Number of protein chains: 2
Amino acid sequence: MLFLGTIENKIDAKGRVSVPSDFRMATKNDSFQGVILYHSFTHKCIEGCTMERMEKLSDATDNLDLFSEENENLNSLIFSDARQLSFDVTGRIVIPMDLIEFAGIKGNALFVGRGKTFQIWDKAEFEKYQAETRQNALKNRPSLSFKKD
Amino acid sequence: MLFLGTIENKIDAKGRVSVPSDFRMATKNDSFQGVILYHSFTHKCIEGCTMERMEKLSDATDNLDLFSEENENLNSLIFSDARQLSFDVTGRIVIPMDLIEFAGIKGNALFVGRGKTFQIWDKAEFEKYQAETRQNALKNRPSLSFKKD
DNA sequence: CATCATATTATGGTATTTTATGGTTGTCAA
DNA sequence: TTGACAACCATAAAATACCATAATATGATG
């Protein structure tokens with residue numbers, strides 16, 4: 001299953017927030033009932049995925065030379081920064097404060113589906129980002145077509 | 001299976017509408033019993049497809065590259081706008097209000113088969129669209145015109 | 001061919017469950 | 001002991017499951 005759609009939920013003072021129902025459903029077949037969060041390398045937002053995908057990433061980096069510089073960087077950048085957050089009984093997680101601050105989130109969190117991954121934005125920041133990139137993305141729209149079905 | 005034909009069904013006040021039987025049949029072998037809807041990038045209508053197709057699209061654009069901004073923007077545009085809607089026991093879905101408003105649908109929804117995808121139109125809007133494209137087609141295909149004797 | 005029976009679909013209304021959210025309490029470790 | 005954090009209630013609103021019926025198609029039979 002995929003992370004689809006855009007949902008806005010409130011974050012309380014403790015950083016507690018409901019993960020959208022559809023997003024939770026997207027992980028219901030996984031052994032780990034929760035999500036992995038880490039800061040985005042390209043935008044002012046939090047990125048998230050399933051544990052399953054993290055393991056896939058790990059397998060991909062395993063193919064690199066153990067002592068290569070690349071491997072060192074990837075491991076330190078991705079895995080050291082990632083936190084696993086499990087859902088509580090009502091479907092909430094507690095987002096660590098440093099991630100909330102990194103994304104500039106105040107009060108409300110925007111969950112943005114991206115297929116295999118998702119992002120968590122401050123609403124205002126997301127609108128700023130969209131204004132900048134939407135037209136560019138539309139220009140590249142022809143590349144969206146399938147090569148083969 | 002393909003989405004074929006054009007069927008008109010009623011939408012109630014909650015946005016609830018029966019998906020045409022033939023369209024439901026087109027998804028009967030999929031694991032997700034429902035459809036994915038998103039707003040058209042080119043027309044005043046809603047577009048739809050199966051979850052299977054979405055996953056194919058995800059596989060095509062997913063390259064595990066955490067640092068590619070282009071990849072990020074592209075994924076955002078498609079997946080952040082998509083909603084997964086499962087059929088209820090009688091074969092209905094609830095179309096989100098913002099999509100209904102985007103397409104200008106009032107009362108009745110026109111399901112238009114397009115093979116691997118389909119569209120949902122307001123009837124009047126669809127007829128307007130058809131009239132426009134017919135004229136364009138005529139303009140661009142002078143070879144169709146009859147010779148006067 | 002007309003008519004009746006049956007199955008499927010479409011539609012409307014209501015009841016129940018799920019979700020999101022806030023607040024409180026318990027617990028473990030620094 | 002106190003501060004951080006997880007577990008535990010409680011509740012309003014929203015979503016969806018449920019039930020009943022109408023409309024349509026399908027098919028059998030005399």
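Numbers restart at 1 for each chain; the letters A, B, ... are given by sequence-line order, proteins then strands. In this text the structure is predicted, and so the values were computed from the model without any measurement.
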Spacing between Glu8(B) atom CD and dA23(D) atom P, to the nearest angstrom
17 Å
By nearest-nucleotide position on DNA chain D, the 5'-leaning member of Thr90(B) and Val94(A) is Val94(A)
Out of dA7(D), dT9(C), dT11(C), minimum distance to the side chain of Ser18(B) belongs to dT11(C)
Measure distances between side-chain N and O atoms of Lys14(A) and base N and O atoms of dT24(C), and say whether any donor-acceptor pair falls under 3.5 Å.
yes
Winner on side-chain proximity to Arg16(B), out of dG23(C), dT21(C), dA17(D), is dA17(D)
To the nearest Å, how far apart are Arg92(B) CZ and dT8(C) P?
18 Å
Ile11(B) has an atom CD1; how far is it from atom P of dG12(C), in whole Å?
11 Å
Grab the CZ-P distance between Phe87(A) and dC5(D) for me, whole Å please.
20 Å
After noting the C-alpha distance and the side-chain angles of Phe118(B) and Phe23(B), does the key distance pass the ring pair (Phe, Tyr, Trp, His ring centres under 6.0 Å) rule?
CA-CA 9 Å; Phe118(B) 61 91; Phe23(B) 282 34; 5.4 Å; yes
Ile11(A)-Val94(A) co-clustered via ILVMFWY side chain contacts under 4.5 Å
no
When we call it a touch if two heavy atoms are under 4.0 Å apart, what does Met25(A) touch: a base, just sugar-phosphate, or nothing?
sugar-phosphate
Could you state the CD1-C1' distance from Ile7(B) to dA23(D), rounded to the nearest angstrom?
16 Å
Among the nucleotides dA6(D), dC9(D), dT9(C), whichever has the atom closest to the side chain of Arg24(B) is dT9(C)
In whole Å, what is the span from the CG atom of Leu85(A) to the P atom of dA4(D)?
18 Å
Nearest whole angstrom, please: distance from the P of dT9(C) to the NZ of Lys10(B).
19 Å
Atom CD of Gln33(A) to atom C1' of dA7(D): distance rounded to whole Å?
18 Å
Going from CG on Leu2(A) to OG1 on Thr117(A), what distance comes out if it is rounded to the nearest 0.5 angstrom?
10.0 Å
Listed nucleotide nearest any side-chain atom of Ser21(A), set dG22(C), dC19(D), dA20(C)
dA20(C)
Atom pair CZ/CE of Phe79(A) and Met54(A) - distance to nearest 0.5 Å:
6.0 Å
With the side chain counted from C-beta on, respond yes when Arg53(B) and Lys116(B) share a heavy-atom pair under 4.5 Å apart, and no when they do not.
yes
Looking across every strand, which nucleic acid part, if any, lies under 4.0 Å from Asn9(B) by heavy atom: base, sugar-phosphate, or nothing?
sugar-phosphate
